[in-house]
There are 2 protein chains.
Amino acid sequence: MNELLTKAKKLKQVSKRLASLSTEEKNKALAIIAETLIARKSYILEENEKDMASGKENGLSPSLLDRLQLTEERIHQIADGVRQVIQLPDPIGETIEQWTRPNGLKLKQIRVPLGVVGMVYEARPNVTVDAASLCLKTGNAVLLRGSSSAIHSNKALVSVMQEALKQSSVPSDAIQLLEDTSRETAQHMFRLKEYVDVLIPRGGAGLIQSVVEHATIPVLETGVGNCHIFIDDSAEKEMALDIVINAKLQRPSVCNAVETVIVHDQWPYISALLETLHEKGVELRGDKRLSSTYPFVREATEADWATEFLAPILAVKLVETVDEAIEHIERYGTKHSEAIISETDEHVEQFFAHVDAAVLYHNASTRFTDGEQFGYGAEIGISTQKLHARGPMGLRAITTTKTLVYGNGQVRT
Amino acid sequence: MNELLTKAKKLKQVSKRLASLSTEEKNKALAIIAETLIARKSYILEENEKDMASGKENGLSPSLLDRLQLTEERIHQIADGVRQVIQLPDPIGETIEQWTRPNGLKLKQIRVPLGVVGMVYEARPNVTVDAASLCLKTGNAVLLRGSSSAIHSNKALVSVMQEALKQSSVPSDAIQLLEDTSRETAQHMFRLKEYVDVLIPRGGAGLIQSVVEHATIPVLETGVGNCHIFIDDSAEKEMALDIVINAKLQRPSVCNAVETVIVHDQWPYISALLETLHEKGVELRGDKRLSSTYPFVREATEADWATEFLAPILAVKLVETVDEAIEHIERYGTKHSEAIISETDEHVEQFFAHVDAAVLYHNASTRFTDGEQFGYGAEIGISTQKLHARGPMGLRAITTTKTLVYGNGQVRT
C-alpha cells in the first residue's frame, strides 16, 4: 500500500512537468529507451527467464507461456515499436477548435495530457513498454500494474526505461511499476482518484470486469470482442470464404477475430463454406438445422453464441432475414466489430443503421479493427464502450482538452 | 426494483427506434412537448403545489424551496427552453472524419446516439424537461431519477411529455421517470450496465460522489466548482473589480461563481477591492496578513480554501508570485474554471500552461463557463472530469461514434 501511494504521488507530481515537454524532448527520450532496451537485452532476458521458470512450475498453459516469453527478436520488436511511436505526430498542444463569441471572448480548445494513466494488464511484458512509450509521447505519467507472472520481466523493463530516461530531459519518475501485485492493492489503485486520472484495463473479460466493478477512477474499457460476420443471400462466394477464413484463422486469439458466422439460408454456398472451414481444422458449432445436416457440425449451446472462443472454434447460425441477423448480434454481440458480406445495398444500409458497435464492416474482415490498420500508427487498446473513445484508441485517446478563453474585461450580464 | 427494470428495458428497446428518427420527426415532437407543457400548466402547477407543501412541512430551506417551485412564468421558460433545442443543429449522423487506407478500405466515422442516458439530479424540476429534450434531440432514450422532494412535479412533467409524444412519431416510452426514489433503487440503477449507457449526475458534491462510488456504468461527472481568480500585480483596477464582483455576485449559487480570489501582494488596489466587496455585502475570509489588516476580513480556516461556498462568501489570499497562485489552485481547485487578470503576457502564458482545469480565463469572469455562453446553445451539464467531455457539455457530449468501413473483399495479411 505504501508503495502504491508513494509511486502514485510521484507520478502526479511529475505529470505537471511532463505536460510542458516539447515533442523533441519526448522523442529523444523515446530514442534512448529504444537503444537502452537493446543494449540491456541480456539482463532483460535473464529476468524473463525467471518468470518463465516459475510459469512452468505453476503450470501456465503453453499459450500463456508464449505470451510471457521474451526473445532477442521480441526485444528488437519492442524497441522497434518504441521507434514507431517517435514517428507519430504529437497530439499535445493541437488546437482542436477556436471561435469568437459576439461579446468578443476568444475561445481556443487545445489538446493536453490526461495526467496520470493507470494501465492494468495481463501477462504480456511487451505491453509494459508499449504503454509507457505511448504515455510518454502524450506527456502522461504512467502507473503500470502488470501480472505477477511477469513481475521479473516487468521490473527489468521498467528499470531499463527509467535508466534511459535518466540520460534524457524527461524525469525518470514518469514511468512506475506497481511491484505489489496483490488483488487488494490493485483494488486500492482503482480508487485513487486523487492521483490517477484514468484506468485502462487490457486483458480478458475477468480483468476488465474487476476494474469496472471496483473503480471510482474513470475507466477506458477495452477489448472483449464477440464479433460476427453475416453472409447475406447475395454474398459472393469467394469473397465470403476468404473473409471468414481470414477473420477466424489469421490470428484466432485476438479480440477482432470472428466468433460467430450468421448465414442467410438462401445463400447457395453454405456447404462449401462449412466444408472448407472443417478442412482447415475449425471446430464448428451450429444451430439445429446445421448440426443435423453436417456430421462435422456439433450442436451449439446457448453459451456458444455468447462466447469469445479466441481459438479455432466457430459458431454458425442460419437466418431467414437481415433483421434476424441484426437481432442475434444485438443479443450476443459485445459492440466491438460486426461485418456484413453482401451485394445488396439496402441490406448493407440496414445493417449499418441498426447494428450498434464500434466498427461495422461491409465486405471486409473484422481483423482490421486495430490502431495500426486504421492508420493511427499505434494503439493503447480497443474501446468497446461509448464514452471518450470507441474502437481502436490511438494517441488522442490518452489526451484531454483545455479551453483557453481570452477576454478584455468581459463580465456576464 | 421491478419498476426500475421494467422501465430500463423499455428504454433500451425503444432506443433502437430513436436512433433512426429524422431531425424533422424529433423537432416536431419537441414542438408538441413545448405546446403541451403550456396547455397543461395548471395541472403541472397543482402537482408542484403538493411538493411545495411537503417541502415546507419537511423544513426545506428557502433556497431549496425556490428551486423546487414552478410558476406560470417558469413553465413558459421551460417550454421556451424546449423550443431553443429545436433550433440547435442535430449532431446525429454527422460525419466526423473519413479516410481511405492504402489497401482501399474506406473508413467513415459518424455520430450516433449513446442509447440510454441516466440522469440523476436534485430538486429542480426544470432539469426533468431540459434533460429529456436534449436527449430526445440526440436520439437518446432517458431514464430520469430526480429527487423525492420533486416527485409530484416530475411525475406531472413526464406524463405531460409522454402525452405529447403520443401525438408525434416518437415513441412515448423514450422518456421514463424512476418514481421509486429510494437510495437502494438508485444504487441498483447505477449498475444497470445492460440497459443504461451513461450516467449524468447533476447536483451537489454528495450526489456526484454517491454516483461515482456505486456506478459500474460510465459516469459523466459534472459540476463542483471551487473556482479561483488570480489578480496579478499588473492587473487593471477597474477590470479586476468588475470581474471579481461579477464572478462572485452575479449568481453566487452556481458552480462557475468564484470562491477564492488570490491577489499578488504588489497589486496597488487591494484595499479598494476588499472594501468594495465588503460594502456589497460579501463576507470575506482572508489569510493572516489580510485578516490582521482589515477588520472586516475574518481569518480563513483550512476548510475555507477548499469550500464551494455557493453564497456571498469569498476567501482571499495574498501571494508573491504567479507560481504561488498556481500552486494554491492546484491544491484546492476542482479543475473547473480558473482566471487570471493580468497585463503581463508571460504570466498569462505561465498560468495557461500550468493550471489544470477545464476552462482558463484571461481578463474575463469565470461565469462564462456555460453551454449557452460558449455558443453550444444548451448544456446537459459542465464536466469537471477529463474523459469524453471537459467543460460545458452541449449536444455532442451525449453522442458517441460508429466507424463504418467499406471494403471489396479485403482481408488482413
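This one's a predicted model, so the numbers in the text were calculated from it and none came from an experiment.
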* Asked: When A/Leu387 is tested against each of B/Asp197, B/Leu387, B/Leu220 for side-chain contact (heavy atoms from CB on, under 4.5 Å), which residue passes?
  -> B/Leu220
With respect to chain B, which residue among [options] yields the maximal number of heavy-atom pairs within a distance under 4.5 Å?
options: A/Ile243, A/Asp242, A/Leu404; result: A/Leu404
options: A/Arg251, A/Glu238, A/Lys193; result: A/Lys193
options: A/Arg191, A/Lys106, A/His354, A/Gln385; result: A/Arg191

Less than 4.5 Å apart, any side-chain heavy atom of [X] and any of [Y]?
X: B/Asn363; Y: A/Asn408; answer: no
X: A/Phe368; Y: B/Leu105; answer: yes
X: A/Val405; Y: B/Val359; answer: yes
X: A/Leu360; Y: B/Lys402; answer: yes

Any idea which of [options] has the most non-hydrogen atom pairs under 4.5 angstrom with chain A?
options: B/Ala397, B/Gly93, B/Ala364; result: B/Ala364
options: B/Gly409, B/Ala247, B/Ser365, B/Gly115; result: B/Gly409
options: B/Leu114, B/Thr399, B/Thr400; result: B/Thr400

Measure distances from [X] to the heavy atoms of chain A and classify the residue's part below 4.5 Å as side chain, backbone, both or neither.
X: B/Val198; result: side chain
X: B/Val355; result: backbone
X: B/Ala353; result: backbone
X: B/Thr216; result: both
X: B/Glu213; result: both
X: B/Ala357; result: backbone

* Write down the atom of B/Trp99, the atom of A/Phe374, and the distance for their closest heavy-atom approach. => NE1-O, 2.9 Å
Could you grab the distance from atom [atom1] of [X] to atom [atom2] of [Y], nearest 0.5 Å is fine?
X: A/Lys12; Y: B/Glu330; atom1: NZ; atom2: CD; result: 9.0 Å
X: A/Tyr361; Y: B/Thr403; atom1: OH; atom2: OG1; result: 8.5 Å
X: B/Ile217; Y: A/Lys386; atom1: CD1; atom2: NZ; result: 12.0 Å
X: B/Gln373; Y: A/Gln410; atom1: CD; atom2: CD; result: 11.0 Å

* Is the side chain of A/Arg367 donor-acceptor paired with the backbone N or O of B/Arg412 at a distance under 3.5 Å, no angle test? -> no
* **Ionic contact status for B/Arg101 with A/Glu372, cut-off 4.0 Å** => no
* Asked: Does any heavy atom of chain B fall under 4.5 Å from the side chain of A/Thr413, the backbone, both, or neither of them?
  -> backbone
* Asked: Given that the side chain runs from C-beta out, which part of A/Glu221 has a heavy atom under 4.5 Å from chain B: side chain, backbone, both or neither?
  -> side chain
* For A/Ile326 and B/Lys16, what are the C-alpha separation, side-chain angles and deciding distance, and is it a side chain to side chain contact (heavy atoms under 4.5 Å, CB included)? -> CA-CA 11 Å; A/Ile326 294 171; B/Lys16 290 155 208 163; over 6 Å; no
